[in-house]
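Working notes, beginning with the structure itself.
Heavy-atom basis, side chains included; hydrogens, waters and symmetry copies ignored. What you see is a predicted model, and the numbers here were worked out from it, not measured in a lab.
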Amino acid sequence: MCGITGWVSFDRDLTAEAPTLHAMTETMACRGPDDRGTWVQGPAALGHRRLAIIDLPGGRQPMSLDTAEGTVALVYSGEAYNFTELRRELEGRGHRFTTDSDTEVVLRGYVEWGDAVAERLNGMYVFAIWDGRHDKLVMIRDRMGIKPFYYHPTPDGVLFGSEPKAILANPLARRRVALNGLRELFVLIKTPGHAIWDGMREVEPGTVVTVGRSGLATRVYWRLETRPHTDDRDTTIATVRSLLDDIVRRQLVADVPRCTLLSGGLDSSAMTAIAARQLGEQGEKVRSFAVDFVGQTDNFVADELRGTPDTPFVHDVAELAGTDHQDIVLDAQSLADPAVREQVIRARDLPTGFGDMDASLLLLFRAIREKSTVALSGESADEVFGGYLQFFDEEARHADTFPWLTSMGRLMGDDAEVLRADLGKCLDLEGYVAEGYHTAAAAVERLDGESDFEYRMRRMSHLHLTRFVRALLDRKDRMSMAVGLEVRVPFCDHRLVEYVYNAPWALKSFDGREKSLLREAAADVLPRSVYERVKSPYPSTQDPRYARALQEQAKELLSRPSHRVFDLVDRDRLRRAAEREEPVSTQAARRGLERTLDLAQWLELYTPEVTLS
């Protein structure tokens, strides 16, 4: 896993711009602590920071290949889990490899098949190729959007990077956030292609973006398609298990220590147990890690989101699967530490407002990185198999909006409530969400003869897989790569996503519960406690000391009345939250404090120009 960046300027020779390329590349140091490299040829400049995972000595980048028609150079981030099969095919076509890395497979695959190489890859990846044979830059992103990729058109070319910070290091990019960028910050959706920063865009998942002298063009090589599902229940369950076995086996391949993230939920438990069985056949133990909070298990209070603490279930899985397990136990002081909040915001380039859940994820990953370089995660199974509360909430099912906004808004409050009334009116978030929803819903294809109910549930699944999950994948990537940890997501394998997406809801919930197909597919490796457990989201601390620390920080912020954050947030509302005497212990009650403190720190760190035009 790595960080990539670059610059194409058709009107100049970039060999004189080495300092700027170096600055762009160094912003990616956290993503690639093992090595750095740059490559410049005429109008093209590529930068790379490497986290070495496969072929440690041979996978250095940028990697180039000289052909009779010109040089082809690549910067690549990610993993192609089928690179050994592709390598054999390319060798059969006459290619001779000089390394054992998947990077060279992608490079030679492009030389052989052009940008159609993307359709042959199984994995998580972004890469940029300067094709000197045709004077063009080709940028490609994986199907599900597991790895982030941004670009910024310029008058004579383009800037690009794994993260916005790489692009912002170039003087051609302004640190400016306009009206729609602000809107994206306060709605829990991820509009495809939107990058918050003015002038910047995302390479959308499953898309090729080509930049040549004549301009920019895009091609979609993969999208979620509606197809008939003809398998019966037993066959569907068996197919899911077969796919999971193959996916986990492929994603365990690494030349560095690897582990699993174990929450005690169905998703991570199934993945960990399958990995433990496979490694056990080779005489190895899988390492597993879980996050916990001081005193959480003993003092846990159930609420509408979380009915049980994670730790007892985590330990049941670790015992049955025989993992080498470690709990990472965090305290309230660490979670509320402004220095940790700063690291979170620098990692994401945005004020996320997820408070202790972002902080705990960063601290968890930092602790794991001391012992492992690769971790497998259960992320995305809820979107694939239908695990969230809103899938079973009649109000959410029938709402004319993104379904998670109905259920999560009811349970966690509205982020936009922190805004000044005049700004809220200007942003018109309700209208923005409505427009985004109707655009997203219109893209869902209906199967011939599909009932209204089944189509409604298909639409819910599609929205989660094309809007909601992308925000979570971005969060997972940024928090992990901020500490140089590669997190793999088996449930995002496009073969599994395509297959389960097209299974009717009656199959996905055949026992009246969430994720029925996954539960039965992994039943033989799960402890009974986890098999019977009800879905519980990523944990959040219940320690009142965390909330009190936030209140003290809010009071300090209120003592600086000229702070730019008060151009955005309601000062009186913040004061009431900071001075509130009763415990602010629930996640919903803390959201306004977390949101405001994140915004304040982001404004200090990035000094963005914020405009309502």
Side-chain angles (χ1 to χ4, degrees), residues 144 187-190 224 226 229 233 236-237 240 244 263-271 302-308 378-412 433 436-438 440-441 443-447 450-473 489 491-492 496-523 530-538 587:
M144 290 293 291
V187 293
L188 195 57
I189 57 175
K190 189 168 176 58
L224 202 55
T226 295
H229 184 89
R233 182 195 298 179
T236 301
I237 292 168
V240 168
L244 287 174
S263 71
L266 179 61
D267 320 331
S268 66
S269 298
M271 176 202 64
D303 58 27
E304 289 185 80
L305 280 173
R306 300 171 180 87
T308 50
E379 190 81 84
S380 307
D382 285 307
E383 290 81 5
V384 174
F385 289 96
Y388 290 117
L389 292 175
Q390 54 264 28
F391 281 100
F392 298 86
D393 182 329
E394 285 303 314
E395 182 184 358
R397 283 175 170 179
H398 290 88
D400 194 28
T401 190
F402 295 101
W404 54 89
L405 297 183
T406 300
S407 56
M408 294 180 69
R410 189 171 61 244
L411 297 172
M412 298 177 61
V433 168
Y437 169 72
H438 290 299
V444 185
E445 301 168 330
R446 185 168 186 165
L447 194 66
E450 193 167 44
S451 70
D452 289 346
F453 174 74
E454 282 289 350
Y455 178 59
R456 189 181 311 127
M457 300 311 295
R458 177 185 295 280
R459 189 169 58 228
M460 286 187 75
S461 296
H462 195 281
L463 293 172
H464 280 83
L465 289 166
T466 60
R467 295 298 192 276
F468 191 67
V469 76
R470 292 178 184 176
L472 298 183
L473 289 172
V489 279
F491 291 107
C492 275
L496 181 68
V497 172
E498 290 172 345
Y499 184 75
V500 178
Y501 170 68
N502 281 299
W505 183 252
L507 263 182
K508 291 178 186 174
S509 60
F510 66 78
D511 59 1
R513 299 187 57 189
E514 74 281 2
K515 295 181 284 193
S516 307
L517 291 174
L518 177 58
R519 182 178 295 102
E520 290 307 314
V530 172
Y531 179 89
E532 298 289 355
R533 190 185 186 194
V534 174
K535 160 72 183 173
S536 184
Y538 182 84
Q587 192 176 331

Requested in this report: Say whether S263 and S268, considering side chains only, have a donor N or O and an acceptor N or O under 3.5 Å apart.
Outcome: yes
Requested in this report: Could you tell me whether W505 and F392 have their ring centroids closer than 6.0 angstrom?
Outcome: yes
Query raised in the report: At what distance, to the nearest 0.5 angstrom, does OG1 of T406 lie from CD of E395?
Result: 5.5 Å
Query raised in the report: Are the side chains of H398 and R456 in touch, meaning some heavy atoms are under 4.5 Å apart?
Result: yes
**Report entry** Minimum heavy-atom distance D267-G378, with the two atoms named
**Finding:** CB-O, 3.7 Å
**Report entry** Main-chain N/O of A396 paired with W404 side-chain donor or acceptor, under 3.5 Å
**Finding:** no
**Report entry** With V384, the side-chain contact (heavy atoms from CB on, under 4.5 Å) member among L517, V497, L518
**Finding:** V497
Query raised in the report: Is there side-chain contact between L244 and F491, with at least one heavy-atom pair below 4.5 Å?
Result: yes
Requested in this report: Indicate yes or no: at least one non-hydrogen side-chain atom of S461 is less than 4.5 angstrom from one of F391.
Outcome: yes
**Report entry** Y388 side chain near D393 side chain, heavy-atom distance below 4.5 Å
**Finding:** no
Query raised in the report: Is any side-chain heavy atom of Y499 closer than 4.5 Å to a side-chain heavy atom of T236?
Result: yes
Query raised in the report: Can you find a side-chain donor-acceptor pair between E520 and Y531 that sits under 3.5 Å?
Result: yes
Query raised in the report: Taking NZ, NE, NH1 and NH2 as the nitrogens, is one of them in D511 or R233 under 4.0 Å from a carboxylate oxygen of the other?
Result: no
Pair up each side-chain donor or acceptor in residues 464-473 with any protein partner under 3.5 Å, not counting sequence neighbours, and list the distances.
residue: H464; atom: ND1; partner: M460; partner atom: O; Å: 2.8
residue: H464; atom: NE2; partner: Q390; partner atom: NE2; Å: 3.0
residue: T466; atom: OG1; partner: H462; partner atom: O; Å: 2.7
residue: R470; atom: NE; partner: T466; partner atom: O; Å: 3.4
residue: R470; atom: NH1; partner: T466; partner atom: O; Å: 3.3

Requested in this report: Measure the spacing between CZ of R306 and OG of S536 and express it to the nearest 0.5 Å.
Outcome: 6.0 Å
Query - side-chain contact (heavy atoms from CB on, under 4.5 Å) partners of E445, counting only residues at least two apart - result: E225, T226
**Report entry** Side chains of Y455 and V444 in contact at under 4.5 Å (non-hydrogen atoms)
**Finding:** yes
Query raised in the report: Any side-chain heavy-atom pair from S516 and K508 closer than 4.5 angstrom?
Result: no
**Report entry** Ion pair E514/R519, N-O distance below 4.0 Å
**Finding:** yes
Report task. Would you mind reporting whether R446 and R458 have side-chain heavy atoms less than 4.5 Å apart? Result -> no
Query raised in the report: Could you go step by step and tell me if D382 and K515 meet the side-chain contact (heavy atoms from CB on, under 4.5 Å) rule?
Result: CA-CA 7 Å; D382 285 307; K515 295 181 284 193; 2.8 Å; yes
Requested in this report: Could you tell me the separation between the CG atom of N502 and the CG atom of L507, rounded to the nearest 0.5 Å?
Outcome: 11.5 Å
Requested in this report: Kindly compute the distance separating CD (E498) from CG (L224), expressed to the nearest 0.5 Å.
Outcome: 7.5 Å
Query raised in the report: Do S451 side-chain atoms and E454 backbone N/O form a donor-acceptor pair below 3.5 Å?
Result: yes
Report summary line: Nearest heavy-atom contact between F402 and V433 is CE1-O, 3.7 Å
Requested in this report: Determine the minimum heavy-atom distance between C492 and M144, stating which atoms define it.
Outcome: O-CG, 3.5 Å
